[in-house]
Participant: 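I am attaching a structure below and will ask some questions about it afterwards.
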Amino acid sequence: MSLLRVENLSIHFGGVQAIQDLDFAIDAGTIHSIIGPNGAGKTTLFNLITGLYRPSAGAIYLDDVQIAGKRPHDLARMGLSRTFQNLRIMMNMTAVENVMVGRHLHLNTNLLACMLRLPMIVRGDRAARKRCIELMDMVGLGADIDADAGTMPYGALKRLEIARALAAEPRLLLLDEPAAGLNERETKEIDDVIVAVARSGVTVVLVEHDMKLVMGISDHILVLDHGRKLAQGTPEEVRNNPAVVAAYLGNV
Amino acid sequence: MPPAFVELLQFLLSGVTSGAIYALVALGFALIYNASHVINFAQGEFVMLGGMVTWVLLSQGIDLPLAVLGAVGLTMLVGLLLEKLAIEPVRNANVVTLIIITIGAAIFLRGLTSVTLGKDLHALPAFSGNEPLDLMGATIMPQSLWILGTTALIVLLLHVFFNYTLLGKAILATSHNRLAARLMGINVNFVLLLSFGLSALLGAIAGILIAPITATHFEVGIMLGLKGFAAAILGGLGSGLGAIVGGLLLGIIESLGAGYISSDYKDAMAFVVILGVLFLMPSGLFGKRGTERV
Amino acid sequence: MADIRPSGYSKHRKKQTYTRRLGTRASPLQMLMSERVGGMLALLLVIAVLPLVLANNYQYDVAITIGINAIVVIGLNLLIGYAGQISLGHAGFFALGAYASAILTSRYGLHGALAMPLGALGVGLLAYIMARPILRLSGHYLAMATLGVGVIINIVISREAWLTGGPDGMYVPAMEVWGVELYGGQIWYWIVAAFLVLAIWISLNVIDSPVGRALRGLHGAEVAAEVAGVDTTRYKVMVFVLSAVMASVAGSLAAHFSEFVTPEKASFFHSILFVTMVVFGGMASTFGALVGAAVLTVLPQLLADFASYEHMILGLIMMTVMIFMPRGLVPTLSGLARRRGARR
Ligand SMILES: Nc1ncnc2c1ncn2[C@@H]1O[C@H](COP(=O)(O)OP(=O)(O)O)[C@@H](O)[C@H]1O
Ligand SMILES: [Mg+2]
């Protein structure tokens with residue numbers, strides 16, 4: 001059984017058909033990449049899957065449960081987590097606090113308990129902070145724990161997005177261009193993180209332009225163009241697909 | 001004519017009259033909002049200044065046309081100064097900060113007026129006398145015709161200005177995309193200044209037109225400003241057509257509500273309506289909709 | 001999952017920050033410097049010492065008014081400063097609390113200690129019902145809706161004279177506890193101080209908790225918070241209700257202390273004054289809220305000597321502070337202090 005399944009999915013904005021009649025499925029425990037030129041609809045697809053957009057038509061299933069139209073925070077509870085191509089960092093908080101927001105679902109959020117600062121809140125926060133620091137170490141932000149997010153450089157914020165998304169302990173993690181704007185060494189580090197995450201059992205959906213990274217770590221690739229499926233298959237199959245070569249890889 | 005119809009007509013006429021005033025104030029809000037994304041809570045004070053300064057000049061024996069010109073000019077000057085001194089230095093501040101600055105300006109202008117011109121209520125003479133005209137059994141004051149006519153003329157002029165003049169188009173361009181406008185060589189600061197000047201002009205005219213009917217006072221700007229804001233929101237912030245429709249609608253609803261439901265709650269009607277509309281249509285009647293980009 | 005350490009980036013910098021990293025207990029000195037411990041101690045000290053300085057009833061009145069305003073402003077700061085949602089109508093909730101206490105005690109003979117929580121409950125319920133549709137709005141639309149709520153409350157209070165005494169206001173009987181009449185500044189000073197300390201303590205606790213991070217998170221990046229599992233609507237409603245209840249409680253205190261209530265308490269101007277106190281002291285700063293309330297309560301008293309120039313000067317000050325210190329007094333000044341400290 002596939003973890004995520006998309007059927008006949010479509011969305012349009014005014015006259016723009018951002019996603020058209022799209023079908024695909026993602027198996028648990030794999031790294032699944034989605035590639036395609038700018039404007040192909042990759043981010044829109046993420047927004048549909050995570051409940052930020054409501055599809056014009058079609059269905060999305062997580063474990064065979066229809067999820068299209070559910071609110072994002074409900075989907076988070078079901079195990080979905082993501083990063084954003086255009087950074088969505090809480091600039092009014094410290095780095096570790098950003099990650100701790102990612103841990104929200106695992107914490108006691110009873111208002112009264114928080115108002116009174118009951119011992120269980122203190123304990124929970126201390127444990128959460130510890131866990132979040134581990135995650136920040138893992139993505140290479142060990143030195144920026146208590147830095148104000150607003151003062152951190154772009155590359156660090158990209159990793160912070162990943163740490164925050166991981167803090168939720170998702171089953172399905174969607175990464176939207178995690179390596180965009182990073183240099184080669186940083187890209188390699190992100191690469192390692194993604195592999196480590198996947199090995200720990202999290203299913204990863206990756207949108208990325210860096211073909212070396214994509215071809216190297218993906219189990220499966222879906223190629224989008226103008227909101228439609230152009231091709232799909234293993235990296236090998238996609239690389240050798242004439243349509244892909246012509247439309248996309250050809251002009252890299 | 002059946003009396004019920006005459007009564008309705010009477011309510012509608014008075015509703016349209018005050019609605020036209022709200023529309024002028026709302027247009028002022030929309031103008032500034034479009035150019036700067038600032039809600040100018042001092043807009044009501046422009047209305048107050050228009051009326052009060054006209055009264056002072058009249059009481060000095062100056063003729064009405066000249067007094068009106070003087071009041072409009074002075075109010076515009078206040079609008080320009082407000083922009084130059086208080087808005088331009090903090091153009092990119094957050095919404096709350098800007099709201100407080102313009103409210104501070106409003107309080108200052110009210111204070112200044114009460115100190116210099118006093119706290120008394122003053123009625124201006126009607127422009128064309130107080131002989132009511134008959135309209136299918138209902139009556140209408142000549143001043144109402146002045147209000148409706150002037151408002152229509154202003155709307156027409158604004159339409160021409162924004163659609164057929166280079167300057168007007170520059171303002172529109174700036175409201176759509178400030179950066180692009182700057183790249184096109186439009187002087188964005190000038191556009192901002194102009195929008196405050198124009199808003200002050202609209203406010204002053206509204207204040208002068210309404211003063212013979214409701215009298216003027218250093219505090220008239222508070223309610224008129226809030227209702228103009230409500231009208232602008234009702235129509236959808238930044239939409240010119242929305243401001244006009246919102247203003248007229250608000251005036252009519254208020255008048256009908258006061259007539260048929262409760263005159264005690266006349267001032268509350270506008271706010272009840274605006275809450276109802278916002279609950280159903282979070283961007284107002286003509287506001288921009290669409291999926292927020294993520 | 002954490003078995004793989006990415007190369008390079010953090011290793012060389014890790015040591016120097018390690019002591020503060022694992023959420024280990026802070027040193028006594030660090031605790032003293034923190035808002036929750038140090039700030040609270042300083043506040044208690046000020047509250048304890050202030051009566052030695054207060055010379056007469058008038059000064060007591062001002063101090064009590066500061067405390068009452070601060071309670072409202074601390075709640076409003078949770079809403080505006082931390083959660084990023086504006087309200088231009090909180091004076092309405094303040095007035096509802098005041099009138100609930102006034103009406104329940106004078107017309108229905110309830111004890112003040114019962115009227116206050118009942119009023120708070122009613123206001124909380126009202127805020128809860130309104131919050132959902134209202135907080136779907138954002139920016140100026142939210143400003144308009146909250147403003148509308150405040151204005152409507154103000155008008156209703158002015159018009160329903162049979163219940164509220166109308167524009168002239170109404171008397172509130174003095175509160176009695178065990179036969180002792182609670183009257184005068186010396187008594188109310190301590191009552192209000194207790195409520196103020198409670199408000200500040202709650203505010204500091206909430207901010208530094210999962211709920212507080214959810215609130216700040218939805219302010220900083222709403223979609224990201226939502227995607228992280230924060231039910232942003234629920235939290236906006238929660239903080240709106242909490243701030244409304246705090247305003248209501250403060251209103252009840254004001255009613256019993258001054259033994260008189262007027263519709264002015266619900267006016268648009270009063271709402272604006274509260275918001276100005278938040279921004280003036282510094283958004284997203286609990287002690288900033290207190291400072292804002294203090295400055296803007298004392299200022300008009302000082303300006304009263306200037307009689308008719310009062311409003312002009314108040315308006316000027318509002319504008320200049322916002323232009324030159326848009327972040328507010330406390331964050332600007334503490335930023336300056338920190339920079340000076342760093343230079344040493
Ligand atoms: N909220 C929106 N409103 C209008 N158009 C949108 C919105 N989101 C995406 N689009 C359009 O959908 C298309 C696909 O965009 P996107 O998903 O961001 O592409 P990609 O991520 O593949 O580069 C583009 O034409 C974009 O302009
Ligand atoms: Mg994209």
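Keep in mind that this is a model prediction, so the values were computed, not measured. To find a chain, count down the sequence lines: A is the first, B the second, and so on, and within it residues start at 1.
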Participant: Taking B/Thr97, B/Val95, B/Ile233 one by one, which has the highest count of heavy-atom pairs under 4.5 Å against chain C?
Facilitator: B/Ile233
Participant: Might you point out which heavy atoms bring B/Tyr33 and C/His140 nearest each other, and give the distance in Å?
Facilitator: CE1-CD2, 3.5 Å
Participant: Please check this pair: side chain of C/Tyr141 against backbone of B/Leu237, looking for a donor-acceptor N/O pair closer than 3.5 Å.
Facilitator: yes
Participant: Give the intermediate values and the outcome of side-chain contact (heavy atoms from CB on, under 4.5 Å) for residues B/Val90 and C/Met322.
Facilitator: CA-CA 9 Å; B/Val90 288; C/Met322 284 303 98; over 6 Å; no
Participant: Is there a side-chain contact between C/Phe269 and B/Ile107 in this structure, where contact means two heavy atoms from C-beta onward sitting under 4.5 Å apart?
Facilitator: yes
Participant: In terms of heavy-atom proximity below 4.5 Å to chain C, should B/Met223 be classed as side chain, backbone, both, or neither?
Facilitator: side chain
Participant: Which region of C/Val278, side chain (C-beta onward) or backbone (N, CA, C, O), has a non-hydrogen atom less than 4.5 Å from a non-hydrogen atom of chain B, or is it both or neither?
Facilitator: neither
Participant: Which atoms form the tightest heavy-atom contact between B/Ile99 and C/Ala143, and what is the distance?
Facilitator: CD1-CB, 4.4 Å
Participant: If you look at every heavy atom in C/Arg136 and B/Pro282, which pair is closest and at what distance?
Facilitator: NH2-CG, 3.6 Å
Participant: Can you confirm whether more than 12 heavy atoms, excluding those of B/Lys84, are under 6.0 Å from its NZ atom?
Facilitator: yes
Participant: With rounding to the nearest 0.5 angstrom, report the CZ to CD1 distance, C/Phe268 to B/Ile222.
Facilitator: 8.5 Å
Participant: Give the minimum heavy-atom separation between B/Leu85 and C/Ile323, together with the two atoms involved.
Facilitator: O-CD1, 3.8 Å
Participant: Can you name the closest pair of heavy atoms from C/Met312 and B/Phe108 and give their distance?
Facilitator: O-CD1, 3.3 Å
Participant: May I ask you to name which of C/Met283, C/Met144, C/His311 has the most heavy-atom pairs under 4.5 Å with chain B?
Facilitator: C/Met144
Participant: When heavy-atom pairs shorter than 4.5 Å are enumerated against chain C, which of B/Val272, B/Thr113, B/Leu280 gives the highest number?
Facilitator: B/Val272
Participant: Mind checking whether B/Phe279 and C/Ile134 have side chains closer than 4.5 Å, heavy atoms only?
Facilitator: yes
Participant: If we define contacts as heavy-atom pairs under 4.5 Å, which of C/Ile313, C/Ile80, C/Leu316, C/Val223 has the most with chain B?
Facilitator: C/Leu316
Participant: Any side-chain heavy-atom pair from B/Leu275 and C/Ile152 closer than 4.5 angstrom?
Facilitator: yes
Participant: Could you walk me through whether C/Val275 and B/Ile103 pass side-chain contact (heavy atoms from CB on, under 4.5 Å), step by step?
Facilitator: CA-CA 11 Å; C/Val275 175; B/Ile103 288 175; over 6 Å; no
Participant: Assess whether atom OH of C/Tyr309 is packed by more than 12 heavy atoms of other residues, nucleotides or ligands within 6.0 Å.
Facilitator: no
Participant: Please check if the number of heavy atoms outside C/Glu264 that lie under 6.0 Å from its CD is greater than 12.
Facilitator: no
Participant: Quick one: closest heavy-atom pair of B/Ala86 and C/Met319, and the distance?
Facilitator: CB-SD, 4.2 Å
Participant: What part of C/Val149 gets within 4.5 angstrom of chain B, counting heavy atoms only: side chain, backbone, both, or neither?
Facilitator: both
Participant: Where do C/Leu147 and B/Phe271 land on the side-chain contact (heavy atoms from CB on, under 4.5 Å) test, with the steps shown first?
Facilitator: CA-CA 9 Å; C/Leu147 185 165; B/Phe271 300 98; 3.9 Å; yes
Participant: What part of C/Phe280 is in contact with chain B, defined as an atom under 4.5 angstrom from a non-hydrogen atom: side chain, backbone, both or neither?
Facilitator: neither
